[in-house]
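Quick one: the structure is below, questions incoming.
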Amino acid sequence: MSDIITITAPVNIAVIKYWGKRDEELILPLNDSVSATLDTNVMCAKTSVCARPDINENEIWLNKIKESFNNKRLQNCLNEIKRIARVQKSVDEEFLSWNVRIYSENNFPTAAGLASSAAGYACLVTALAILYKIKTDISTLARLGSGSACRSVYGGFVRWHAGVKPDGSDSIASQIANSLHWPDMRVIILVVADTKKHTSSSKGMQCSVATSELLQYRVLHSVPKRVDDICTAIQKRDFAKFAEITMKDSNQFHAVCLDTYPPCVYMRDISHSIVEVIHRYNEICGEVKVAYTFDAGPNACLYLLEKDVPEIISLIKQVFPTSNPEFIKGLSTQESQDRDFLNQ
Ligand code: DP6
């Protein structure tokens with residue numbers, strides 16, 4: 001049996017959303033996206049892998065439950081890693097013939113629009129790349145598992161370049177700024193529901209590509225400028241600009257979801273109440289102090305600066321009195337270590 005390799009990978013929360021693929025097989029997006037990677041201590045996936053001569057088939061356990069390995073994306077990741085290992089002759093053929101056992105756990109709700117697949121696949125491919133001793137761009141491997149996963153292989157602020165090449169070789173993630181760049185940036189997750197979503201991101205975006213005219217407009221006319229502007233806002237640590245773009249992009253993404261036929265409805269009444277509360281709060285403050293963003297689910301992710309955390313937490317508790325401490329999870333984009341080592 002091989003050594004057991006254990007890796008943790010953090011969740012990332014997009015501020016410019018990825019929604020829509022130009023190639024389903026290679027998971028190539030229609031547009032660039034930008035995200036911040038959260039602190040591994042708070043929300044992360046942890047994965048252990050090993051290769052064994054004594055198991056008859058590949059095995060995967062997710063959150064202590066054995067799942068089928070008959071999953072195309074999972075197989076694509078493993079096959080690609082083994083292919084590279086063969087080319088690089090990084091391990092011998094006998095090792096390559098052994099099956100793998102994978103254990104993965106999240107410390108947050110799976111598939112509730114909390115980017116669990118991103119952390120999960122980033123973790124899995126990193127662990128397998130170490131197991132098979134290959135040297136390659138890890139973000140490309142992670143992308144084969146789940147698009148947004150390619151952004152979780154770096155800390156700080158990350159851009160996934162859509163790329164233009166049909167083989168996807170230029171569809172990679174890169175770091176805009178490391179985790180120490182904006183040390184007082186904070187994230188609060190408001191868990192509205194931790195149940196599995198009705199329409200998965202993959203299905204939802206497929207349907208949007210097929211039916212939404214607004215998506216075409218978004219990809220061509222909105223996202224390119226927003227990506228440039230938010231990268232500049234991050235570089236300059238311009239919170240008001242960062243926040244405005246983040247909220248506009250979340251709103252446009254959900255407008256695309258509603259423009260999809262049949263519509264994908266991810267936000268709930270309480271999600272909309274959160275939006276209203278944040279706008280009202282910013283208006284009263286006379287400056288933009290908090291930004292919301294929603295992925296393909298009802299849970300809100302708030303971006304804010306550390307100095308404003310106590311006031312926002314008490315505001316949330318006041319407006320949503322049934323919320324308890326679990327409702328609010330304070331996070332930081334600051335990490336104890338950068339994840340750049342993953343790509344070395
Ligand atoms: C709304 O990465 O989960 O969170 O590539 O099909 O696995 P697949 O989709 P996935 O989609 C994430 C969509 C999003 C926006 C984002 O994270 O950019």
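As a basis for the values below, the full set of heavy atoms in this structure was taken, side chains included, without hydrogen atoms, waters or symmetry mates. We number each residue from 1, following the sequence as shown. All figures in this text were calculated on a predicted structure; none of them were measured in a lab. Order of appearance sets the numbers: ligands from 1, and atoms from 1 within every ligand.
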**Prompt:** Under 3.5 Å between some N or O of ligand 1 and some N or O of W19?
**Reply:** no
**Prompt:** Do Y266 and H254 have side chains that get closer than 4.5 Å, going by heavy atoms?
**Reply:** yes
**Asked** If you draw a 6.0 Å radius around CD in E213, do more than 12 non-hydrogen atoms from other residues or ligands fall strictly inside?
**Response** no
**Numbered atoms of ligand 1 (with element) below 4.0 Å of S202, judged on heavy atoms** = 6 (O), 7 (O), 8 (P)
**Request:** Give the numbers and elements of all ligand 1 atoms closer than 4.0 Å to a heavy atom of A14.
**Result:** 16 (C), 17 (O), 18 (O)
**Fill in**
ligand 1 atoms nearer than 4.0 angstrom to some heavy atom of M205 are 9 (O), 11 (O)
**Prompt:** Is there a heavy atom of R143 sitting under 4.0 angstrom from any atom of ligand 1?
**Reply:**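 The answer is no, since R143 has no heavy atom less than 4.0 Å from ligand 1.
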**pair Q206-K21: side-chain heavy atoms closer than 4.5 Å** = no
**Item:** Atom indices of ligand 1, in the order listed, that fall short of 4.0 Å to a heavy atom of K21
**Value:**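 Counting atoms of ligand 1 from 1, those under 4.0 Å from K21 are 5 (O), 6 (O), 8 (P).
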**Request:** Apply side-chain hydrogen bond (donor to acceptor under 3.5 Å, both in side chains) to Q216 and list each qualifying residue two or more places apart in sequence or on a separate chain.
**Result:** none
**Prompt:** Does the ring center of Y132 lie less than 6.0 Å from the ring center of F95?
**Reply:**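 Yes, ring centres under 6.0 Å apart.
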**Proximal atoms of ligand 1 relative to A296 (non-hydrogen, under 4.0 Å)** = 1 (C)
**Prompt:** Heavy-atom distance under 4.5 Å between the side chains of Q75 and N58, does that happen here?
**Reply:**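 No - every pair of side-chain heavy atoms lies 4.5 Å or more apart.
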**Message:** For ligand 1, which is the ligand I care about here, please tell me if Y18 has any N or O atom under 3.5 Å from one of the ligand's N or O atoms.
**Reply:**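 Between Y18 and ligand 1 (N or O atoms, distance only) the closest approach is under 3.5 Å.
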**Asked** Who are the side-chain hydrogen bond (donor to acceptor under 3.5 Å, both in side chains) partners of E57, not counting sequence neighbours?
**Response**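 Checked E57 against side-chain hydrogen bond (donor to acceptor under 3.5 Å, both in side chains); zero matches.
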**Prompt:** Where on I13 is there a heavy atom closer than 4.0 Å to ligand 1, on the side chain, on the backbone, on both, or on neither?
**Reply:**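 None of I13 does.
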**Item:** Any D259 side-chain heavy atom under 4.5 Å of L215 side chain
**Value:** no
**Request:** Just let me know how S117 lines up against ligand 1, side chain, backbone, both or neither, with a heavy-atom cut-off below 4.0 Å.
**Result:**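 Within the 4.0 Å criterion, S117 contacts ligand 1 through side-chain atoms alone.
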**Asked** Looking at R73, which atoms of ligand 1 are within less than 4.0 Å of one of its heavy atoms?
**Response** 6 (O), 7 (O), 8 (P)
**Prompt:** Looking only at distance, does G147 have an N or O less than 3.5 Å from an N or O of ligand 1?
**Reply:**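 Yes - when backbone and side-chain N and O of G147 are compared with those of ligand 1, one distance drops under 3.5 Å.
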**Request:** Please say whether S33 places an N or O atom under 3.5 Å from an N or O atom belonging to ligand 1.
**Result:**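 By distance alone, the answer is no.
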**Request:** Could you tell me whether a side-chain N or O of R143 sits under 3.5 Å from a main-chain N or O of L26, the two making a donor and an acceptor?
**Result:**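 Yes; judged by distance alone, with no hydrogens or angles, the pair exists.
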**Message:** Among D308, L190, T293, I189, exactly one meets side chain to side chain contact (heavy atoms under 4.5 Å, CB included) together with L302. Which residue is that?
**Reply:** L190
**Prompt:** What are the atoms of ligand 1, with element, lying closer than 4.0 Å to any heavy atom of F253?
**Reply:**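 So the atoms of ligand 1 that pass are 1 (C).
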**Asked** Closer than 4.0 angstrom: is that true for some heavy atom of A118 and an atom of ligand 1?
**Response** no
**Asked** For ligand 1, which atoms have a heavy atom of S148 less than 4.0 angstrom away?
**Response**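 Near S148, the atoms of ligand 1 are 2 (O), 3 (O), 10 (P), 12 (C), 17 (O).
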